[in-house]
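Structure, as structure tokens:
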Amino acid sequence: MNLLEKIKMQKKEPDKAPPPPELPVYWIETSEAVSYRCEFEPHGHLSVKILDDSRPVIRRVADSFVNKFFPSGYPYSVNEGYLRYTQFRALQHFTSAALSVLSTQSLLFAAGLRPTPAQATVVSWVLKDGMQHMGKLICSNLGARMDSEPKRWRILADVLYDLGTGLEVLSPLCPQFFLQVAGLGNFAKGMAVVAARATRLPIYSAFAKEGNLSDLFAKGEAISTVFNVLGIGLGIQLASTICSSIQGKMVVGPLLSIVHVYCVIEEMRATPVNTLNPQRTAMLVADFIKTGKVSSPADLRYKEDLLFPGRLIEDAGNVKVGKSFRKVFKPSKLDELKQIFPDEKFLLNPGKKSVDMVLEHGATGEDALRGWLVAGFAADMEKSFHVPTSTALEEAYEKMNDVFGPFVSELQAKGWHTDRFLDGTGSRFAW
């Protein structure tokens, strides 16, 4: 063995002792009178155990209810208005389920049967589900309109549902026309089901604040299920007592229907939809021109016209959108307008009572906002300074370019989605 090998042997370190076993890592968290012991287990999972819970029993029950029927992190995980929406949604499902039991019992009476209230409850599900297929076919070409005006179509869905239910309740009065009356009633209810389901996603999306759309949807369906069951219970009780006759149903049915539709209207008024459609765009522009401020979705929710959303707003330039290109522009005027709005994805054609705006294919919400701002500024200039229309459009276009950047930034900061414009089935053009 040479010297180098001896030196290496002397410098060789002794074997290291095995490391001591890792101790579990845990800590204590206290939140609202509840102490938790949190610990990382060997396989990496987090274990949480309650050490002490000094909350009163009523508080425990209330917290348990919130956890079951409201999204995680409520109220900070949802947008403003969710509680009011949920309250009226629960009452809406309660009255709707009770009406369903009464209408089904009436249908079976009209068909010559004498069902018990429990039988009416079971059959109601069969009749309702069977008509959904026909409703889907009829409503298949209305999806774009529902995206543009989800609140209006949600209200219309429940009005159709109550109309169909009313026809079913009245069917014993004309048993010889049972097939016609029952078929028309179920047709209306089938369309209502499709419209209600098609508008559910944009309405829930309006409340999602932290990417928790699935949680919102699941908790909303849980509330609907609970109050549907309670409503069926009420319907069974009514069908066995004061509504066992057609006279009783004709008194109670309209009352339940009024409460039902009122609840839906209040739900929709509480919903802060944050997408741009013609009505909301015009309202945003009108508020900005009048006050210089940008409204949030929560600011506009109670100002929306839910039944007639196509009304013109004078402060926003009385803009109409959706007409076909060939009906709006004449060749002699087209070149002039293209020079005023170079490289834009919108064109404006002022008329006597309104301004027609036509959007290019691929135009976004920002393009619609640019056109609306020009129309609004031009109308304000014509009213204040009595300048010619062409001059007002040119000056309004320059003013729009000056303010548009900060305006859009503030819109996005307030929660508006400016990347798309939902104009329903409006016509668009392409060069």
Side-chain angles (χ1 to χ4, degrees), residues 79-82 84-85 143-156 198-209 265-322 345-346 348 354-359 363-377 379 400 403-404 406-426 428:
N79 283 319
E80 185 178 345
Y82 182 73
R84 184 175 178 82
Y85 168 83
R145 297 183 183 182
M146 295 178 190
D147 280 332
S148 178
E149 293 289 349
K151 294 184 177 185
R152 182 192 185 194
W153 280 93
R154 185 65 181 85
I155 294 172
L156 179 61
T199 55
R200 193 177 302 172
L201 184 60
I203 290 170
Y204 275 130
S205 299
F207 290 109
K209 194 174 182 180
I265 293 174
E266 288 300 315
E267 286 176 48
M268 296 304 101
R269 294 183 68 223
T271 304
V273 176
N274 53 7
T275 53
L276 295 177
N277 69 352
Q279 180 179 198
R280 286 188 288 275
T281 304
M283 293 170 67
L284 282 170
V285 169
D287 287 350
F288 180 71
I289 292 175
K290 285 192 299 184
T291 66
K293 298 180 180 178
V294 175
S295 301
S296 68
D299 295 331
L300 292 188
R301 54 185 173 152
Y302 288 110
K303 300 178 183 178
E304 290 186 68
D305 190 334
L306 301 182
L307 298 181
F308 304 102
R311 64 186 176 91
L312 298 179
I313 299 179
E314 184 178 357
D315 291 325
N318 287 328
V319 175
K320 281 185 178 180
V321 64
K345 293 186 177 181
F346 69 87
L348 297 176
S354 63
V355 176
D356 288 306
M357 179 166 67
V358 182
L359 296 171
T364 64
E366 294 187 15
D367 295 308
L369 285 166
R370 290 174 69 86
W372 238 290
L373 281 171
V374 172
F377 285 140
M400 179 274 296
V403 304
F404 187 73
F407 175 64
V408 170
S409 298
E410 185 67 16
L411 280 173
Q412 294 170 347
K414 290 288 183 71
W416 291 100
H417 293 294
T418 61
D419 56 336
R420 57 189 181 276
F421 181 69
L422 304 174
D423 52 348
T425 56
R428 297 198 177 192

[Y] side chain reached by [X] side chain, heavy atoms, under 4.5 Å:
{"X": "Glu266", "Y": "Tyr85", "value": "no"}
{"X": "Ile155", "Y": "Ile265", "value": "yes"}
{"X": "Leu307", "Y": "Arg152", "value": "no"}
{"X": "Thr271", "Y": "Tyr82", "value": "no"}
{"X": "Pro309", "Y": "Ser148", "value": "no"}

Practice problem: Quick one: which residue pairs count as a salt bridge (charged side-chain N to carboxylate O under 4.0 Å, His left out) with a foot in residues 288-301, not counting sequence neighbours? | Solution: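 Non-adjacent pairs meeting salt bridge (charged side-chain N to carboxylate O under 4.0 Å, His left out): Glu80-Arg301, Lys290-Asp315.
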Exercise. Could you verify whether a donor N or O on one side chain and an acceptor N or O on the other, from Glu149 and Asn277, lie under 3.5 Å apart?
Key: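 Indeed, the side chains of Glu149 and Asn277 share at least one donor-acceptor pair under 3.5 Å.
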Quiz item: Quick one: do the Thr364 and Asp419 side chains pair a donor with an acceptor below 3.5 Å?
Solution: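 Per modelled atom types, Thr364 and Asp419 side chains form no pair under 3.5 Å.
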Please check: side-chain N/O of [X] versus main-chain N/O of [Y], any donor-acceptor pairing under 3.5 Å?
{"X": "Glu304", "Y": "Gln279", "answer": "no"}
{"X": "Arg311", "Y": "Asp305", "answer": "no"}
{"X": "Thr281", "Y": "Leu276", "answer": "no"}
{"X": "Lys151", "Y": "Thr199", "answer": "no"}

Quiz prompt | Phe346 six-ring centre to Arg370 NZ/CZ under 6.0 Å and within 45° of normal | solution =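 Verdict for Phe346: no cation-pi partner in Arg370.
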Determine the minimum heavy-atom distance between [X] and [Y], stating which atoms define it.
{"X": "Met357", "Y": "Trp372", "answer": "CE-CE3, 3.3 Å"}
{"X": "Arg420", "Y": "Thr275", "answer": "NH2-CG2, 3.7 Å"}
{"X": "Ser354", "Y": "Leu312", "answer": "CB-CD1, 3.9 Å"}
{"X": "Ser295", "Y": "Asp287", "answer": "OG-OD2, 2.9 Å"}
{"X": "Arg84", "Y": "Tyr302", "answer": "CD-OH, 3.4 Å"}
{"X": "Pro297", "Y": "Pro272", "answer": "CB-O, 3.6 Å"}

Gap between atom [atom2] of [Y] and atom [atom1] of [X] - 0.5 Å precision:
{"X": "Gln412", "Y": "Thr418", "atom1": "CD", "atom2": "OG1", "value": "4.0 Å"}
{"X": "Phe288", "Y": "Leu369", "atom1": "CZ", "atom2": "CG", "value": "10.5 Å"}
{"X": "Leu284", "Y": "Trp416", "atom1": "CG", "atom2": "CH2", "value": "4.5 Å"}
{"X": "Met283", "Y": "Leu300", "atom1": "CE", "atom2": "CG", "value": "4.5 Å"}
{"X": "Ile313", "Y": "Asn318", "atom1": "CD1", "atom2": "CG", "value": "9.0 Å"}

Self-check item: Whether over 12 other heavy atoms sit under 6.0 Å from Phe308 CZ
Solution: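 For Phe308, atom CZ is not crowded (no more than 12 foreign heavy atoms under 6.0 Å).
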Exercise. Run the numbers on Phe407 and Met400 for side-chain contact (heavy atoms from CB on, under 4.5 Å), then give the verdict.
Key: CA-CA 10 Å; Phe407 175 64; Met400 179 274 296; over 6 Å; no
Practice problem: Kindly write out the residues that satisfy side-chain hydrogen bond (donor to acceptor under 3.5 Å, both in side chains) with Ser205, not counting sequence neighbours, or none if the list is empty. | Solution: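 In terms of side-chain hydrogen bond (donor to acceptor under 3.5 Å, both in side chains), with neighbours along the sequence ignored, Ser205 is linked to no residue.
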Quiz item: Residues two or more places apart in sequence or in another chain: which of them pass side-chain contact (heavy atoms from CB on, under 4.5 Å) with Lys345?
Solution: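 By the side-chain contact (heavy atoms from CB on, under 4.5 Å) rule, Lys345 matches Glu360, Ala363, Asp367.
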